[in-house]
Protein chains: 2
Amino acid sequence: MGEMLDDFPEPELFTLNCPTQQILDVIADKWSVIVLYCLAYRSRRYTEIQRRIEGISQKVLTQTLRKLERHGLIERQVLSEMPPNVEYSLTALGKTLIDPLLGIANWSRKYFEEVEAARDRYEQQQV
Amino acid sequence: MGEMLDDFPEPELFTLNCPTQQILDVIADKWSVIVLYCLAYRSRRYTEIQRRIEGISQKVLTQTLRKLERHGLIERQVLSEMPPNVEYSLTALGKTLIDPLLGIANWSRKYFEEVEAARDRYEQQQV
DNA sequence: CGGTATCCAGACCGATACTG
DNA sequence: CAGTATCGGTCTGGATACCG
C-alpha cells in the first residue's frame with residue numbers, strides 16, 4: 001500500500017512507439033540533424049547542400065532529404081526542370097525543431113572534451 | 001568586396017568530425033537517448049532497464065550501455081558478483097545531457113501529430 | 001543539375017544457446 | 001542475474017553508371 005509503482009514523472013515519454021521514439025526514428029541518424037541545420041538560415045539548392053556537408057554521398061543525401069520531406073520538416077521546390085533547379089527549405093514545422101537541435105549542438109561543444117577524455121580513459125583500462 | 005562568404009553564424013557547428021557530429025555518432029541512434037532517459041531519475045539494474053525499454057534485445061542493450069559508458073555518460077557499478085548485481089547510473093556529465101534531450105522529447109510530444117499528418121499527406125500523393 | 005538504378009561489402013540486429 | 005558467443009538475415013552506405 002502506497003508502494004511507488006513508477007518513479008518516472010512522465011512514464012510515457014520513451015515507451016515503445018511513443019511520440020518521442022517515432023520522432024527519433026526520423027532524426028536520430030547520421031545525417032538528418034546536420035541537413036536540417038544546413039537549411040536553418042535559408043533555403044539551398046541540392047548541390048549547395050552536398051558541397052556544405054562533407055562526407056555525405058549523393059544517394060544518402062537524397063534519401064535523407066526525402067525522409068525529412070516526407071515527415072514535413074523540409075520542403076522541396078522545383079524551380080526549373082531544364083536546367084534542373086531544386087531548392088530545399090525548412091517548413092514552418094521544421095523551423096520549430098532548430099532550437100531543440102541547437103540545444104544538442106551547444107551541449108556537444110561545451111562537453112566534447114570531457115567525452116573525449118572519458119573515451120581515452122576507458123580505452124586505457126581495456127589494455 | 002564585402003561579399004558574404006558564408007551565412008552560417010557558426011560555420012563549424014556541423015562540419016565533418018566537428019564536436020556535434022562526434023556526439024551525434026554516440027547518441028543519435030535508436031536506443032541511446034531512451035536508455036539515458038531511463039536512468040535520468042535514479043540508477044537501475046540491468047534487468048530493470050531491459051524490462052522498462054520495450055523492444056530492445058539483450059545484445060543491443062548491452063552494446064548501448066557499453067557505448068554510453070565508454071563515452072562517460074553512464075557508470076557501471078558491480079555491486080555483487082554472485083548473485084550478479086550490476087547498477088547503471090548517469091555520471092555528472094550524463095546528467096547535463098538530460099535537459100537538451102528533454103528539449104527533443106518535448107518537441108516530439110508537441111508536434112508529433114503534425115509530423116504524422118505530413119507523412120499521411122505525402123503518402124497520399126505517392127499513390 | 002539533380003537526380004535514379006544497380007551492385008556489393010560491411011555494419012547492424014534479433015534469435016538462440018550457453019555461462020559464472 | 002547479467003551477461004557472452006555465435007549465426008543468419010537485414011539494412012545501410014559507398015561506388016559506379018546512367019539519365020532528362
Side-chain angles (χ1 to χ4, degrees), chain A residues 14 16-17 21-22 24-36 38-39 42-71 74-90 122 125-126, chain B residues 14 16-17 21-22 24-36 38-39 42-71 74-90 122 125-126:
Chain A
F14 287 93
L16 191 62
N17 292 329
Q21 229 185 62
Q22 294 205 36
L24 286 176
D25 271 354
V26 179
I27 60 168
D29 60 35
K30 196 169 168 153
W31 298 110
S32 291
V33 173
I34 298 169
V35 169
L36 286 172
C38 184
L39 298 174
R42 62 171 175 81
S43 62
R44 288 173 196 277
R45 296 179 62 168
Y46 184 88
T47 310
E48 203 181 346
I49 302 171
Q50 197 178 15
R51 260 199 318 269
R52 260 240 142 247
I53 303 180
E54 303 170 64
I56 195 168
S57 72
Q58 191 171 43
K59 188 176 114 182
V60 172
L61 176 56
T62 301
Q63 280 174 357
T64 304
L65 289 168
R66 291 288 177 278
K67 188 176 174 188
L68 295 175
E69 185 193 3
R70 185 166 110 91
H71 292 89
I74 69 174
E75 194 179 4
R76 178 175 181 271
Q77 210 178 352
V78 179
L79 297 179
S80 118
E81 298 270 354
M82 196 54 66
N85 185 359
V86 179
E87 275 213 348
Y88 291 92
S89 54
L90 293 183
Y122 190 92
Q125 301 190 346
Q126 299 321 85
Chain B
F14 286 94
L16 192 62
N17 292 329
Q21 228 184 61
Q22 294 203 36
L24 287 175
D25 271 352
V26 179
I27 61 167
D29 60 37
K30 195 169 167 144
W31 298 110
S32 292
V33 172
I34 297 168
V35 170
L36 286 171
C38 184
L39 298 173
R42 62 171 176 81
S43 62
R44 287 173 197 277
R45 295 179 62 167
Y46 184 88
T47 311
E48 204 181 346
I49 302 171
Q50 196 178 17
R51 259 200 319 270
R52 261 241 143 247
I53 302 181
E54 304 170 64
I56 194 168
S57 72
Q58 192 170 42
K59 190 175 113 184
V60 172
L61 175 56
T62 301
Q63 281 173 357
T64 304
L65 289 168
R66 292 287 177 277
K67 188 176 174 189
L68 295 175
E69 185 194 1
R70 185 165 109 90
H71 292 89
I74 69 174
E75 194 177 3
R76 178 175 181 271
Q77 210 177 353
V78 179
L79 297 178
S80 119
E81 297 269 354
M82 193 56 66
N85 186 358
V86 179
E87 274 211 350
Y88 291 92
S89 54
L90 293 184
Y122 190 91
Q125 301 190 344
Q126 299 322 85

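Model, not experiment: these values are computed from the prediction. Chain letters run A, B, ... following the sequence lines, proteins first, then strands; residues in each count from 1.
Atom-to-atom distance recorded for B:Leu39:CG and B:Ile34:CD1 is 12.5 Å, nearest 0.5 angstrom. B:Asp25 contributes atom CG, which lies 11.0 Å from atom OG of B:Ser32 (distance to the nearest 0.5 angstrom). Atom CD1 of residue A:Ile74 and atom OG of residue A:Ser89 lie 8.0 Å apart, to the nearest 0.5 angstrom. Taking CD1 of B:Ile53 as the reference point, atom CD of B:Glu48 lies at 11.0 Å (rounded to 0.5 Å).
Among the atoms of the strands shown, none is found under 4.0 Å from any heavy atom of A:Gln50. Contacts of A:Glu81 with the nucleic acid, taken as non-hydrogen atoms under 4.0 Å apart, are absent.
In terms of heavy-atom proximity, A:Arg42 sits nearest to A:Arg44 at NH2-NH1, 3.2 Å. Listed here is the closest heavy atom pair of A:Glu54 and A:Trp31: O-CH2, 3.7 Å.
A:Arg76 places its CZ atom 10 Å from the P atom of C:dG2, with the value rounded to the nearest Å. Note: CD (B:Gln58) to C1' (C:dT19) measures 12 Å, nearest angstrom. Between A:Tyr46 atom OH and C:dT4 atom P there is a gap of 8 Å when expressed in whole angstrom units. Distance A:Lys30 NZ to C:dA11 P: 12 Å, rounded to the nearest Å. One interatomic measurement links the two molecules: CD of B:Glu54 to C1' of C:dG14, which rounds to 17 Å at whole-angstrom precision.
In this structure, the side chains of A:Lys30 and A:Val60 stay at 4.5 Å or more apart for every pair of heavy atoms.
For A:Lys59, the side-chain atoms get nearest to C:dT6 when compared with the rest of C:dC1, C:dT6, C:dG20.
The residue among B:Tyr88 and A:Ile56 whose nearest nucleotide of DNA chain D lies closer to the 5′ end is B:Tyr88. Position along DNA chain C of the nearest nucleotide to A:Glu87 versus B:Trp31 favours A:Glu87 as the more 5'-ward residue. Between A:Gly55 and A:Pro84, it is A:Gly55 whose nearest contact on DNA chain D lies nearer the 5' terminus.
With A:Ile49 as the partner, the side chain to side chain contact (heavy atoms under 4.5 Å, CB included) test is satisfied by one option alone out of A:Thr64, A:Leu65, A:Ile56: A:Leu65.
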Atom pairs and distances, donor-acceptor, side-chain atoms in residues 78-88 of chain B, under 3.5 Å, two or more places apart:
{"residue": "B:Ser80", "atom": "OG", "partner": "B:Pro83", "partner atom": "O", "Å": "2.3"}
{"residue": "B:Asn85", "atom": "OD1", "partner": "B:Arg45", "partner atom": "NE", "Å": "2.9"}
{"residue": "B:Glu87", "atom": "OE1", "partner": "B:Ser43", "partner atom": "OG", "Å": "2.8"}
{"residue": "B:Tyr88", "atom": "OH", "partner": "B:Arg66", "partner atom": "NH1", "Å": "3.2"}
{"residue": "B:Tyr88", "atom": "OH", "partner": "B:Arg76", "partner atom": "NE", "Å": "3.3"}

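Of all nucleotides in DNA chain D, those with any atom nearer than 4.0 Å to a heavy atom of chain A start and finish, going 5' to 3', at D:dG13 to D:dG20.
Using a 4.0 Å cut-off on heavy atoms, the residues of residues 62-70 of chain B that approach DNA chain D are B:Thr62, B:Arg66, listed by number.
Within the 4.0 Å cut-off from OP1 or OP2 of C:dC1, not a single side-chain nitrogen or oxygen of A:Arg45 is found.
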